[in-house]
Number of protein chains: 2
Amino acid sequence: MAATSQAVDDYLKAILELSGSATELVSSNALAARLGVRAASVTGMLQKLAAQRPPLVVYQKHRGVRLSSAGKQRAWEIVRHHRLLELFLHNILKYPLDEVHEEAERLEHFISERFEDRVAALLGDPKIDPHGHVIPHKHGTHAFPDEVPLADWPAGEPAVIRSVGDRDPAALRELQRLDLVPGVTIVVKVRNPNAVTLSALPGRNTPFRLSNELVNQIAVAATSR
Amino acid sequence: MAATSQAVDDYLKAILELSGSATELVSSNALAARLGVRAASVTGMLQKLAAQRPPLVVYQKHRGVRLSSAGKQRAWEIVRHHRLLELFLHNILKYPLDEVHEEAERLEHFISERFEDRVAALLGDPKIDPHGHVIPHKHGTHAFPDEVPLADWPAGEPAVIRSVGDRDPAALRELQRLDLVPGVTIVVKVRNPNAVTLSALPGRNTPFRLSNELVNQIAVAATSR
DNA sequence: AGAGAAATTTAGGCATCCCTAAATATCTGA
DNA sequence: TCAGATATTTAGGGATGCCTAAATTTCTCT
């Protein structure tokens, strides 16, 4: 495997997380927004990633990028590191849920294979991280599970919360306060432009308005995991 | 506290570890050897460290450097990170003793205050790392304890092993095999140019020859800790 | 003291990864 | 279709931190 830097890791992970399906191309602009850098910087990096031997991405000028198989492998490895670290920080070091992301984001690039393996063993080879995200297997890449954004779920249909976003600590605290956590069943009553109204919120009788900012943190499915 | 990079941390720690007393100057060459870079690179970095506000080192051209109080604080913080991580890796993640150094050396730069605090709590606020080195307190800088290199210990005087070097995995494995670990009492019988002969090795009747390479890994004192 | 050896610094470069500004390519709607 | 809007790339720089080679300073020994 070619050597990867922290910057390279971040690009690969961002491409992975922005590409819904495997064949879908990710735009330079979307990457720039995700990574907090300028689009010009993205272009430069993509050219380097595509020039590596083996290439880490397949890059089409003006069209976008997708991960090569080598890039996909490294990206999933980083995601595995991230999610194992989040669980470790939460379960072993007793971090509050909304603080695990930042620390994991920093450390994920630097832990060794051995560290990864030992933490996984300490945690009992876990399958799910504390936000409800699937922890990919070592080596194997991993398809996204059958979740859809809550924003895309039809009104009236009961939905089970599968996972919540890990990148926004304030939103995460709010969701915890509202008990909107993985495993909970909800029903969308009305969908408004900037919010949805939920009926039958657990432990609450009145309908409940949820801003899009929070809605966008939630992924749901028909059944629990 | 001024921002520090990994490289800056490494320089500060190397200066700390190479300066026996607080006022002693460390030479560019010694730093270059310790850090595995060229002396010219050291000069460049020292000039930057001295130019920081507040300065991290006091640098006298052609004479050497010592840490400023800000530099000393950061250096001891890194040493605390390193030793806490070594103990964590050994006790919690079950790393073999000779593998903890490399991983700790990488991670020490990236863990947060919170991580440091939580690991310390998990370990029960430990005082000594698995090689016998004192873990400095949070914030407080820390004087070196009353240890001397085994190479400087007089023959005939019983000595208690206080600590063993953590940077050489092969030497460390050998010392473990010989049961030359912190707490063990030894006596130097004869000192030769390239080795010492130990008498009364625990569980062994015959005198025992120890190469300087291993001797230099050991620090001793008159009494146990 | 002074010459040669050793240590240190300066000068000039390279790689990484970011930036802004300007050029160019693609997309969209009348 | 084609002009304006949008997206993307190119060109030229900056900071960090490493390198080699060439100066320069300091040390050591006679």
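All chains are named by letter (A, B, ...) in the order of the sequence lines, taking the proteins before the strands, and each is independently numbered beginning at 1.
A close approach under 4.0 Å does not occur between any side-chain nitrogen or oxygen of B/Ser27 and OP1 or OP2 of C/dA7. Taking only side-chain nitrogens and oxygens, A/Gln47 comes nearer than 4.0 Å to OP1 or OP2 of D/dT10. Applying the 4.0 Å criterion to OP1 and OP2 of C/dT8, one finds that B/Asn29 has a side-chain N or O inside that range. Distances shown here put a side-chain N or O of B/Tyr11 below 4.0 Å from the OP1 or OP2 atom of D/dC18. Contact between the side-chain N/O atoms of A/Arg38 and the OP1/OP2 oxygens of C/dC18 is not found at any separation under 4.0 Å.
The nucleotide whose nearest atom lies closest to any side-chain atom of A/Ser28 is, among D/dT8, D/dG17, C/dC18, D/dT8. For A/Lys61, counting side-chain heavy atoms from C-beta on, the closest listed nucleotide (C/dT10, D/dT9, C/dT8) is D/dT9. Looking at the side chain of B/Ser41, the nearest of the listed nucleotides D/dT26, D/dC18, D/dT16 is D/dC18. Listed nucleotides C/dT16, C/dT8, D/dT9 differ in distance to A/His62; the shortest reach to its side chain belongs to D/dT9. Nearest to the side chain of A/Thr43, among D/dT9, D/dT20, C/dC19, sits D/dT9.
Tested against A/Lys13, the residues A/Val79, A/Val8, A/Leu35 include a single side chain to side chain contact (heavy atoms under 4.5 Å, CB included) partner, A/Val79.
For B/Phe88 and A/Phe88, the gap between ring centers is short of 6.0 Å.
Counting non-hydrogen atoms of neighbouring residues, nucleotides and ligands closer than 6.0 angstrom, the CD atom of A/Glu17 exceeds 12 such neighbours.
Between the side chains of A/Asp129 and A/His82, not a single donor N or O lies within less than 3.5 Å of an accepting N or O.
As a whole-Å value, the separation of B/Gln60 CD from D/dT25 C1' is 15 Å.
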